[in-house]
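Please read all numbers here as calculations on a predicted model, not as lab measurements. Proteins come first, then strands; the chains are lettered A, B, ... in the order of their sequence lines, and each starts at number 1.
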Amino acid sequence: MGTNADVAATLREIGDLLDLNGERFKPDAYRRASRSIETLTEDVRKVAGRGELESIPGVGAAIGEKIREFLRDGHIAYLEKLRQQFPPGIVELMRLPGIGPKTARRFLVELQVEGPAELAAAIDAGRLKGLAGFGDRKIALFRQAVEARGPVGRRQSLRAAWSIATSLVERLRAEAPVERVEVAGSLRRRRESVGDLDILVTSNVPERVFEVFSALPMVREVKLRGPTKETVVLSDDLQVDLRVVEPAAFGAAWQYFTGSKDHNVRLRSLARDMGLRLNEYGVTREETRVAGASEEDVYRSLGLPWFPPEIRENQGEFEAAARDLPPLLEESHLRGDLHVHLPEGSSRDGIDRLRSYATQRGWEYVGVVVSDRPDAKELLDQLRAGQRPGTMTPWLLAAWEDPLGSDRLPPAGCDYRIHSAVGPDPPDPLPTHGPLLLTHLPLPEAGAEASAERVARWVEYARRAGAGLEVTPDGPQDGLDSSGVRRAIEARVPVSVRGAGPVVPDPLTLAVGLARRGWATAPAILNARAMAELTGVGRGPGPRTTPPRSSVRRTGPPRTGGSPR
DNA sequence: GCCGTTTTCGGCCCGACTGTTTTCAGTCG
C-alpha cells in the first residue's frame, strides 16, 4: 500500500469513529482531508518534507500535525484513543450499505452488537424485533447488508466501467423514450477506478425509462425507484444510478452529478458568496433560475470558465481558472499512435485495416510493432515498400518491442525501439540503444491505484534513459495513471498516448482522459508532435535502430503553465 | 476541524429516497 492510501485510510477511520461519537462537523472534516490525500498527485511525504501539508485542501493545523505524527511514528495517538472507545467491528458495521453511525451506535448500545457477525446472530435470534424504528422490512435490509458483505462496493477498472456504460447508454438511446442520455460521475471524470455509474437522461415519461432500464439483461436487481431516480445493481455488482431531469436543468444536473464532491462543495460555497444558490436544478437568485440548461451557463453564471470534467477534483482547478486554464490535450491533437499491434491474421490485411483506421482518425503516422509477428521480415519489407515521406498518409513506422534488459538488436529497417517492463520496478542498468518508449509498466498493486513512489521511480528511469512513457486505456494496469502523467510532464519526460488500434470500439478516449486528468497539454505528448519532430524517426529509408537520445530530450515538452500546486 | 475577495468566528451542500413515520430521521451521493 502506498503511503497516501495509508494516510487517507487512517484519516477516514478517525472520521468514522468521530461520527460514532456523535460529533457534528469533525467527521466531515477528516473525511474531506482523507479524500484530498487520496487524490493527491504527489507523495504526501514529499509535501510534508517541504512543510506544505497545510496547503492541501481540507488539511489545517490539527490534521496536518496528525499526518506528521503518522509519517513519523506510524500511528496517531488520537486515533488509538478513539479506537479504545469502540469495539473494532463497529466501524466495519458502519460501512455496510444502509447502516450509518446512528444505527451502528444503536446496535452497540441497545443490543451490545459489536460487528457484522454479531449483527447476523442478533437478527437470527429475533432480538431486533420490537425496537423502535426497526420494522420487518428494515430488518430484512440489515440481513441483506450483512450477507452481501464482500464483493459489493468493489471498484471497477475505468475501461471495464466504460465498456459497461457504453452498452447501457446505447440500449437506452435505442429502446427508451429519451431525448438525451449522458454519462456523469467518476467515469466522466475518467478516474482510474469507478465505484458506480451515473447516467443522466431527459424524458417526459420517466417511469417508462425506468421500466426499460430495469428490464435490461445485465440488471440484476432494482434497489430503489422514485419519480426522478432509479438505482439498480448489475450482474457484476456494479451499481448504476439513473436520473431523469428536465432539459432546462440538464446542464446543472450534469455538472452536479459529475462531481467530484469536493469540486461541487467549493462551487456551491462560491455561489453562496455571490448570493446565488446552486443545486442540481440550476443556479437561482432568489426564486429566479439564472442558469441550468448547459454546464457552460452554470459555470459562467458563477464567473468561471467551463472546467473539463477530468480536472474537477478541487486540486487546483479553481486557482488555475483565476489565471487561465491550460488548454488540455484533445483527441484531435494526436497525430498518430506509436505503439500498435496488428490484429490476428495476415499482415497485409492488418496493414490495410490499420491504414484506413488511421486515415479515419486523420493521423500522420502509426508505429507498427513488427517484433511479435512470425513474418516480421516480410512485414518490415511491406512497411518500407513504396513509402516516401509526404507521398502517403499515414506514414507507417516499424517498431521493435522487447523486454527491458534484452540485448537483442533489432533488424535493420526498424525505426525505433520499445521496451516493455519485466518487473514492478525499473532494473538497475539503463537500457542501451536508446529506446523511444517504455511500455507495460506493471504499476497496480492488487488492483489498487499505482503507488506514487513506484511511479516516481519509473519516471526518473525514463528521464535518464531518454525514453517516453505510455498512458493507455488500461490506466495503471498497463502504464501511467493520471498522477504519473503529471509527474512525467513535470520531469519533462514525454508521454505517449496509446489507444487499442483498429478494434471497435477503441477506448482511446480513456487514454486521452487519463492524460487530461494529469493536466497534459499537447506539447507534452510525444504523439501529438508532427512526424518531423519525432526525433528524426523514419525519415527516409535505412536502418534507424537507435533514435538519437539527445533529440528526445531536446524536443522534450515545455513546462505546462497552470501547474495546480 | 476547516475556512474566508463579506468573515479569524460562526458557519459548514442539499435534495432524493426509504421505512416507519402522522411529520420525520437516517442514509446516500
Establish, for the pair A/Arg243 and A/Phe257, whether the NZ or CZ atom is under 6.0 angstrom from the six-membered ring centre and no further than 45 degrees off its axis.
-> yes
Just call it for A/Asp136: base, sugar-phosphate, or nothing, with non-hydrogen atoms closer than 4.0 Å on any strand.
-> sugar-phosphate
Partner nucleotide of B/dT27 by Watson-Crick or wobble geometry (both distances under 3.5 Å) | B/dA16
If every non-hydrogen atom of A/Asp196 is compared with every non-hydrogen atom of A/Ser186, which pair is closest and at what distance?
-> O-OG, 4.4 Å
Taking atom P in both B/dT27 and B/dT20, compute the distance separating them and give it to the nearest angstrom.
-> 14 Å
Separation between the C1' atoms of B/dC28 and B/dC13, rounded to whole Å = 13 Å
Please measure how far the C1' atom in B/dT7 lies from the corresponding atom in B/dC12, and state the result in whole Å.
-> 13 Å
Within the structure, does a side-chain N or O atom of A/Lys66 lie under 4.0 Å from either OP1 or OP2 of B/dG1?
-> yes
To the nearest Å, how far apart are A/Asp198 CG and B/dG29 C1'?
-> 8 Å
Relative to A/Phe213, does A/Arg225 satisfy both conditions: NZ or CZ under 6.0 angstrom from the six-membered ring centre, and within 45 degrees of the ring's axis?
-> no
To the nearest Å, how far apart are A/Glu23 CD and B/dC2 C1'?
-> 14 Å
At under 4.0 Å between heavy atoms, what does A/Glu280 touch on the DNA or RNA strands: base, sugar-phosphate, or nothing?
-> sugar-phosphate
In whole angstrom, give me the gap between the C1' atoms of B/dG1 and B/dT5.
-> 23 Å
Say you pick atom C1' in B/dA16 and the same atom in B/dG11; how far apart are they, in whole Å?
-> 25 Å
Considering only B/dC13, B/dT27, B/dG1, which nucleotide approaches the side chain of A/Ile63 most closely?
-> B/dG1
What is the nucleic acid contact for A/Asp273, judged by heavy atoms within less than 4.0 Å: base, sugar-phosphate only, or nothing?
-> base
At under 4.0 Å between heavy atoms, what does A/Ala61 touch on the DNA or RNA strands: base, sugar-phosphate, or nothing?
-> sugar-phosphate
Ranking B/dA16, B/dT20, B/dG1 by distance to the side chain of A/Ala62, first place goes to B/dG1
Selected nucleotide, minimal atom distance to A/Asp241 side chain, candidates B/dC17, B/dG29, B/dG26 = B/dG29
Charged N to carboxylate O below 4.0 Å: is that the case for A/Arg516 and A/Glu313?
-> no
Atom CG of A/Leu93 to atom P of B/dG26: distance rounded to whole Å?
-> 16 Å
Using a strict 4.0 Å threshold on nitrogen-to-oxygen distance, state whether A/Arg266 and A/Glu319 make a salt bridge.
-> yes
Could you tell me whether the side-chain ring of A/Phe25 sits stacked on the base of B/dC12, using a centroid cut-off under 5.5 Å and a plane angle under 30°?
-> yes
Touch class at under 4.0 angstrom, heavy-atom based, for A/Arg268 against every strand present = base
Which value, in whole Å, describes the distance between the C1' atoms of nucleotides B/dC9 and B/dC14?
-> 24 Å
Whole angstrom value for the distance that separates P of B/dG29 from CD1 of A/Ile199 | 16 Å
DNA chain B: A/Thr103 or A/Arg277, which has the more 5' nearest nucleotide?
-> A/Arg277
Rounded to whole angstrom, note down the C1' distance from B/dT23 over to B/dG19.
-> 14 Å
Would you mind classifying the nucleic acid contact of A/Leu267 as base, sugar-phosphate or nothing, using non-hydrogen atoms under 4.0 angstrom?
-> nothing
Would you mind classifying the nucleic acid contact of A/Arg24 as base, sugar-phosphate or nothing, using non-hydrogen atoms under 4.0 angstrom?
-> nothing
Would A/Asn4 and A/Glu42 count as a side-chain hydrogen bond (donor to acceptor under 3.5 Å, both in side chains) if you check the C-alpha gap in whole Å, the side-chain angles of each, and the deciding distance to 0.1 Å?
-> CA-CA 9 Å; A/Asn4 288 19; A/Glu42 200 184 357; over 6 Å; no
Under 4.0 angstrom, heavy atoms only, what part of the nucleic acid is A/Phe134 near: base, sugar-phosphate, or nothing?
-> sugar-phosphate
On DNA chain B, nearest-nucleotide positions of A/Thr228 versus A/Lys261: which is more 5'?
-> A/Lys261
Determine the interatomic distance between C1' on B/dA25 and the same-named atom on B/dT21; round to the nearest Å.
-> 9 Å
Charged N-O contact under 4.0 Å between A/Glu80 and A/Arg83 = yes
Examine B/dA16: is either OP1 or OP2 under 4.0 Å from a nitrogen or oxygen in the side chain of A/Tyr281? Give yes or no.
-> yes
Just call it for A/Arg225: base, sugar-phosphate, or nothing, with non-hydrogen atoms closer than 4.0 Å on any strand.
-> sugar-phosphate
Mark yes or no: A/Arg188 above the aromatic ring of A/Trp254, with NZ or CZ under 6.0 Å from the six-membered ring centre and no more than 45 degrees from the axis.
-> yes
Would one find a side-chain N or O of A/Asn279 under 4.0 angstrom from OP1 or OP2 of B/dC14?
-> no
Contact class for A/Glu65 vs. all strands (heavy atom < 4.0 Å): base, sugar-phosphate, or nothing?
-> nothing
When all nucleic acid strands are considered with a 4.0 Å heavy-atom cut-off, which category describes A/Thr231: base, sugar-phosphate, or nothing?
-> nothing
Report yes if a side-chain nitrogen or oxygen of A/Gln239 is closer than 4.0 Å to either non-bridging phosphate oxygen (OP1 or OP2) of B/dC28; otherwise report no.
-> no
Under 4.0 Å between any heavy atoms, over every strand shown, what does A/Pro227 touch: base, sugar-phosphate, or nothing? Just pick one.
-> sugar-phosphate
Distance in angstrom units between A/Asp19 CG and B/dG26 P, rounded = 12 Å
Kindly say whether, by distance alone, the side chain of A/Tyr256 makes a donor-acceptor pair under 3.5 Å with the base of B/dG15?
-> no
